Novice: 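Can you read through this structure? Questions will come right after.
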Amino acid sequence: MTARKSYRTLSGTSRLAGVMGWPVSHSKSPRLHGYWLAKYGIDGSYMPLPVEPENFQAALISLRNLGFSGVNVTIPQKEMAMPECDELSDRARRIGAVNTVTFAKDGRLLGDNTDGFGFIENLRQEAPDIDFTSGPAVVLGAGGASRAILVALLDEGSPEIRIANRTRARAEDLVREFNDPRLTVIDWPVSPDVLSDVSLLVNTTSLGMVGQPKLDIDLDGLPTSALVTDIVYAPLITGLLQQAKDRGNPIVDGLGMLLHQARPGFHRWFGIDPEVTQELRDFVLSPD
Ligand code: ATR
């Protein structure tokens, strides 16, 4: 009897969700949502959904027709999901990509982007004293992740955000598009003097990730009070974070952004705003 109780099975009313991408085998989302489903004893399932880009639209509609509650969408389908949605959240529209789709009861597809939310919530949890309005931020990179973080930082009241990108034109395009006087473009590589009054430094590039070149940056000009964070979480302590830590700066690693960005979807689909804990971090990082 006790043994039977320890099994969690699906019922006829299970709620279903998953992550669509191509490939999707690298995704940590099934493990992450699976942990929360077990922790909260929810009658539901979250599965990897490998979908080739040419089948994306048909697959999305099929999942709705199959009664799924929603899906996360990962590369390269985050931009493809935008035009398929009947309604977009303000932040998804501004970021220009969707990572969370909810199938409403009336069949409409509601698109959201929770990457910026995940970024902010991670910093709030790991550095509770953070005040986004306290000084300028420097953001390295001008890709999709950068867009989400810029929108979030602007919404948090950041007084000035300096963007540095290898391909300067991409950063300039972003500034033009967002059309907010708080955004400026600075040189890549970053010179130490533009760091002297900065309170937050963020790496949104893939530099420093396992298998990628290292990020070369001279932190000499950065106040030691500035918080340094990286969206790369493999390795957890990137070269940038180690360099910052060694000179006394507070640091926050990028794993929490991944964990927190998953919360809104889980909440909508399964009815609970789940907790990000050290046990979850260890579980997501441990081998399958
Ligand atoms: P994501 O959606 O993860 O942000 P992306 O849109 O491909 O991915 O953006 C990758 C970011 O990392 C860009 O800012 C890119 O700079 P470019 O716009 O110049 O390509 C940056 N990046 C990647 N490899 C880099 C490298 N070797 N040196 C400098 N920047 C690099």
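We count ligands from 1, going down the list as the structure has it; atoms in each ligand are counted the same way. Source: prediction; values computed, not measured. Counting begins at 1 with the first residue of the sequence.
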Novice: Is any side-chain N of the basic residue among Arg94 and Asp155 closer than 4.0 Å to the acidic one's carboxylate O?
Specialist: yes

Novice: Salt-bridged, Lys39 to Glu275, with N to O below 4.0 Å?
Specialist: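 Yes.
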
Novice: Which atoms from ligand 1 have a heavy atom of Ala142 less than 4.0 Å away?
Specialist: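 So the answer, numbered in order with elements, is 14 (O).
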
Novice: Tell me the protein heavy atom at minimum distance from atom 9 (O) of ligand 1, and give that distance in Å.
Specialist: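 Here the nearest protein heavy atom works out to Gly143 CA, 3.5 Å.
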
Novice: Check whether any side-chain heavy atom of Ile95 lies under 4.5 Å from a side-chain heavy atom of Asn113, and answer yes or no.
Specialist: yes

Novice: I'd like to know if Glu160 pairs up with Arg162 as an ion pair, taking the criterion as any Lys NZ or Arg NE/NH1/NH2 lying under 4.0 Å from an Asp or Glu carboxylate oxygen.
Specialist: yes

Novice: So which heavy atom on Gly70 is nearest to which on Trp269, and how close?
Specialist: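 In terms of heavy atoms, the two residues are closest at CA-NE1, 3.5 Å.
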
Novice: Any salt bridge linking Asp115 with Lys78? Criterion: basic side-chain nitrogen under 4.0 Å from a carboxylate oxygen.
Specialist: yes

Novice: So, regarding Asn165 and ligand 1 (criterion: nitrogen or oxygen to nitrogen or oxygen, under 3.5 Å), is there a contact or not?
Specialist: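 Indeed, backbone or side chain, Asn165 has an N or O that close.
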
Novice: Show the atoms of ligand 1 that are less than 4.0 angstrom away from any heavy atom in Ala145.
Specialist: 1 (P), 2 (O), 4 (O)

Novice: Please tell me whether Asn122 and Arg124 have a donor and an acceptor in their side chains that are separated by less than 3.5 angstrom.
Specialist: no

Novice: Evaluating non-hydrogen atoms only, which member of Arg170, Arg168, Lys214 is closest to atom 10 (C) of ligand 1?
Specialist: Arg170

Novice: Please write down residue, atom name and distance for the protein heavy atom closest to atom 11 (C) of ligand 1.
Specialist: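 Here the closest protein heavy atom is Thr205 CA, 4.0 Å.
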
Novice: I need the atoms of ligand 1 closer than 4.0 Å to a non-hydrogen atom of Gly141, numbered in the order shown.
Specialist: 14 (O)

Novice: Can you see whether Thr238 engages Asp230 through a side-chain donor-acceptor pair at a distance of less than 3.5 angstrom?
Specialist: yes

Novice: Measuring from atom 29 (C) of ligand 1, which candidate in Ile149, Leu207, Thr167, Val232 has the nearest non-hydrogen atom?
Specialist: Leu207

Novice: Can you tell me which residue and heavy atom of the protein come closest to atom 2 (O) of ligand 1, and the distance to 0.1 Å?
Specialist: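 For atom 2 (O) of ligand 1, the nearest protein heavy atom is Gly144 N, 3.3 Å.
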
Novice: Within the protein, is there a heavy atom lying under 4.0 Å from atom 7 (O) of ligand 1?
Specialist: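 No, there is no protein heavy atom closer to it than 4.0 Å.
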
Novice: Return the option from Arg166, Gln212, Arg147 holding the heavy atom at the smallest distance from atom 31 (C) of ligand 1.
Specialist: Arg166

Novice: Identify the closest protein heavy atom to atom 23 (C) of ligand 1: which residue and atom is it, and at what distance?
Specialist: Ser206 OG, 3.3 Å

Novice: Number the atoms of ligand 1 from 1 as they appear, then name those within less than 4.0 Å of a heavy atom of Trp188, with their elements.
Specialist: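 This gives 29 (C) as the contact atoms.
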
Novice: Salt bridge or not for Arg15 and Asp43, using N-O below 4.0 Å?
Specialist: no

